[in-house]
Every structure is written in structure tokens, then in C-alpha cells.
*Asks:* 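What follows is a structure written as C-alpha cells; I'll ask about it next.
In each ligand, atom 1 is the first atom listed, and ligand 1 is the first ligand listed.
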Amino acid sequence: MSTPVLKNWARELASGLVSQNQLVSRGLMGELPSEAFEALKNNFDVRVPLAFAQTAALNSNSPSNLHPALKAQVIPSSQELIFFPEELDDPIGDEPHSPIEGVTRRYPDRALLKLTYQCAMYCRFCFRRYKVSEPDFNLDVVKMQAALDFLEQTTDLWEVILTGGDPLVLTDKALQGPLERLAAMPHIQVLRIHTRIPTALPSRITPELIALLKATGKTVWVVAHINSAQELTPEASAALARLIDAGIPVLSQSVLLKGVNATSADLTALFKGLIARRVKPYYLHYPDLAKGTQHFRVPLEDAIALVASLRGQISGTCVPQLVVDLPGGHGKIAIEPQWAKFLGNGNWEFKSPLHGGTLQVHYPTTL
Ligand SMILES: *Cc1c(COP(=O)(O)O)cnc(C)c1O
Ligand code: SF4
């Protein structure tokens, strides 16, 4: 029997495009001097999943003809070698908040567990690029057990977020050990998986993987990283549906990226596409100050105006929270356009998301 679900995902993962020849021959990029390509790849590894290459290259053999939103996310650019002084190796302060290798804990009730630094694609704007793709940073068996021991002993944790890298590039066999240990921790009620897989490698969402997640007996949430409506192919949509049909709720997080999604129309198409597939847009991230990512950033004030333009125009279900993660690791800051101003004495000034006009309203104070 051969259905898309049973496709050999590991073979598809291994067929990701990694060399200049592969990218040029598929019309995904123009030829660079090989030293220039190597310099980009050394700076941050290149891997273009077949799913992206196929969607981007549909009926085209010329770089000018591809979906720019897909191409900009995966094809390296010489601008990645321009570093601004504000840009940092560890832009959101993971390291100072890492009590033990592989774990980052910034908040009292939840912590990140980085199971691997490998991904099915290397996003050109990756915020964790100083470690991502480097196998040397992956936890060995001893360090993995130590990280799990920490989570087990830290009984005020309520949720563990599996991230990386992308935890779902690991085989079921590699996931099983850590999942079984997490399943046995009574204080952990929720497992959250942050992953790029539903759109980068949809065939990875197999019935076996879903069974493994459900076997933990914990509440599992998936947060899928998706940046463009173009990623919502029939295969990706089916992968999301497999998770949701199995009772695993899916949220999305997107990064606001110039050249990919930084217009009202692009964001509207993305968020409506997600809600139509039962995926709730959760966070819209302002790009972190990672080295060599300035070409993806719009000014923060434009980002706020863009999100304000959605509110009141498209279904409230479609609007995610804009967040910015500050250097040093002070936590995600939720940014709202100024909708309400307290004037004192029960008096408020509000701005309408429908017409932008301001209104004053008095609310009764306490008796
Ligand atoms: C982003 C992040 C989380 C998740 O934050 P939520 O607001 O719960 O989605 C948790 N821990 C760390 C260290 C993070 O960077
Ligand atoms: S999937 Fe996530 S961790 Fe991996 S390269 Fe993309 S942004 Fe970075």
C-alpha cells in the first residue's frame, strides 16, 4: 500500500538540497563563485527541503520565476555576511538561562529541551544559528540523561517544550527514550513541540509518530513554524490535519520577514490559511537580533502598524500576538498597538480598530 502518509520520510529528509549544484540545476539560485557559496554555507549551513524546492520550482527553470516567499527563506544571500553591531551570536540570551546543557529556562513553569540542533531546513533568518546545524552541539547520551534528570528534579515545571533545532528530525527510536522519561514525570502536564516539520517535511508526520506522542499520556501541543501561505501545500495541509484529527492541537508561530510576509496581504493570506486548516496563529515574532539577518527586518514601528492593520479587518481568530525577544533573555514582550489610554477617574480614551478614530468612554468606578 502506498499513500503519502507512508512515504519514507527519512529518505525525503536525506534528499534535501545542500549543494550549489543542486540548487542551481533546479533553478533555485543563480551560480555564485564556489568560494562565495562555501563562505555562506560555512557561515550558516544550507538545506532546502524537497517540499520547498518542488513547490518553489513548479513549472519553472529560472530563478526569477519562483515563489519569492519560499526562496527567501531557504536560499542563502550574500547579505548574511553583513553583521550589524546590534546583532549577537546568542540574540535572546539562551546561554545565561541554561541551567544545564540542552535546557533553557527563563520562566518559572516551563523550560526548553533541545533534543537536537539539526533541522529539515535551515531558515536563513534562524535566531539560533550559532548552534543550529552543528552536530557537535547535540547532546550525547550522558548529557541527555543529565538534562532529563534536571527536568525530573525541577518539580515546579509544568510544561516542557521540545525544540532545537527541530526535534521531529529525530527518528521515533531516538525520540522514544526522552519521551518515556518525560511521560514518567508527574509534575509535567504538557509537552509542547516546536517544529518546522509540518511544512518542511510533511511526510514525517506518520501514524507511528502520532502514536508515540500519544503514548506519553501527557497533553501534547504542537507549535508549527510557518511563515508563508505558499507553504500550505496539500501535503503540508494533510500533515497538519493528521495531527489535529488525532487530538493534538496545533498552533503556529511565524517570523515577520521582509520579502516573505511583511505586508498586510501576505499576513492575511497566511493567517486565514492557517485558521481554515484549524491551526491557531499564536505568535508573530519580530526577527531576533541574530547575526546577518538585518535584510529580513522591517522597522519595529512598521511591524506594530502592520499588526494593527489586521485587527478589526480580518477575523479575530486569525490575529496572532506580535512578540519581540530582547537581547539578554528578558522574556518575550507582547507588543500591542496603543488601543487604550487611561485618563484617570474612570475615563479612558480608545482607538477604534475599524476606523482609527479615538473615543472617550467613562466607566463607573467601584461603589
Ligand atoms: C519562547 C520561550 C518559551 C515559550 O514561551 P511561551 O510564551 O510560553 O510560548 C519558553 N521558554 C523559553 C526559554 C523561551 O524562549
Ligand atoms: S527550523 Fe527553527 S531552528 Fe531550524 S533553522 Fe529554521 S528557525 Fe532555525
*Asks:* Name the closest protein heavy atom to atom 7 (O) of ligand 1, giving the residue it belongs to and the distance to 0.1 Å.
*Replies:* Tyr283 OH, 2.6 Å
*Asks:* Report the part of Arg192 in contact with ligand 1, treating N, CA, C, O as backbone and CB onward as side chain, heavy atoms under 4.0 Å; options are side chain, backbone, both, neither.
*Replies:* side chain
*Asks:* Are any of the N or O atoms of Asp325 closer than 3.5 Å to those of ligand 1?
*Replies:* no
*Asks:* Salt-bridged, Asp90 to Lys291, with N to O below 4.0 Å?
*Replies:* no
*Asks:* Could you list the residues that satisfy salt bridge (Lys or Arg N to Asp or Glu O under 4.0 Å) with Arg181, not counting sequence neighbours?
*Replies:* Asp149, Glu152
*Asks:* Could you report the tightest heavy-atom contact between Arg124 and Pro76, atom names first, then the distance?
*Replies:* NE-CA, 3.6 Å
*Asks:* Verify, without hydrogens or angle tests, whether Gln313 (side chain) and Leu310 (backbone) share a donor-acceptor contact under 3.5 angstrom.
*Replies:* no
*Asks:* With nothing but distance in play, are any N or O atoms of Tyr107 less than 3.5 Å from an N or O of ligand 1?
*Replies:* no
*Asks:* Tell me who clusters with Phe125, hydrophobic residues only, linked when side chains sit under 4.5 Å apart either directly or through other members.
*Replies:* Val255, Leu257, Val260, Phe296
*Asks:* Is it the case that over 12 heavy atoms from other parts of the model lie below 6.0 angstrom from the CZ atom of Phe342?
*Replies:* yes
*Asks:* Could you check atom 8 (O) of ligand 1 against the protein and tell me its nearest heavy-atom contact, residue, atom and distance included?
*Replies:* Arg110 NE, 2.6 Å
*Asks:* Between Gln20 and Glu38, do the side chains contain an N or O donor and an N or O acceptor separated by less than 3.5 Å?
*Replies:* no
*Asks:* How long is the span from the CZ atom in Arg47 to the OH atom in Tyr122, to the nearest 0.5 Å?
*Replies:* 6.5 Å
*Asks:* Considering only heavy atoms of Ile161, which atoms of ligand 1 have at least one such atom less than 4.0 Å away?
*Replies:* 3 (C), 4 (C), 10 (C)
*Asks:* So, does His97 sit close enough to ligand 1 that a heavy atom of it is under 4.0 Å from the ligand?
*Replies:* no
*Asks:* What is the distance from atom CG of Leu112 to atom OG1 of Thr104, rounded to the nearest 0.5 Å?
*Replies:* 5.0 Å
*Asks:* Check Asp266, Ile226, Leu306 against Asn261 for a side chain to side chain contact (heavy atoms under 4.5 Å, CB included) and give me the one that passes.
*Replies:* Asp266
*Asks:* Does Arg105, backbone or side chain, put an N or O under 3.5 Å from an N or O of ligand 1?
*Replies:* no
*Asks:* In the protein, which heavy atom is nearest to atom 15 (O) of ligand 1, and how far is it?
*Replies:* Arg106 NH2, 3.0 Å
*Asks:* No waters, cut-off 2.8 Å: how many protein N, O or S atoms are close to atom 6 (Fe) of ligand 2?
*Replies:* 1
*Asks:* For Ile188, does its backbone N or O pair with a side-chain atom of Lys218 as donor and acceptor, under 3.5 Å?
*Replies:* yes
*Asks:* Going by distance only, is there an N or O of Glu159 that falls short of 3.5 Å from an N or O of ligand 1?
*Replies:* no
*Asks:* What residue and atom, counting heavy atoms only, is the protein's closest point to atom 9 (O) of ligand 1, and at what distance?
*Replies:* Tyr282 OH, 2.6 Å
*Asks:* Identify the closest protein heavy atom to atom 14 (C) of ligand 1: which residue and atom is it, and at what distance?
*Replies:* Lys332 NZ, 3.2 Å
*Asks:* Applying ring-ring contact (aromatic ring centres under 6.0 Å, His included), can you list everything that pairs with Tyr283, at least two apart in sequence or on another chain?
*Replies:* His285
*Asks:* Are any of the N or O atoms of His194 closer than 3.5 Å to those of ligand 1?
*Replies:* no
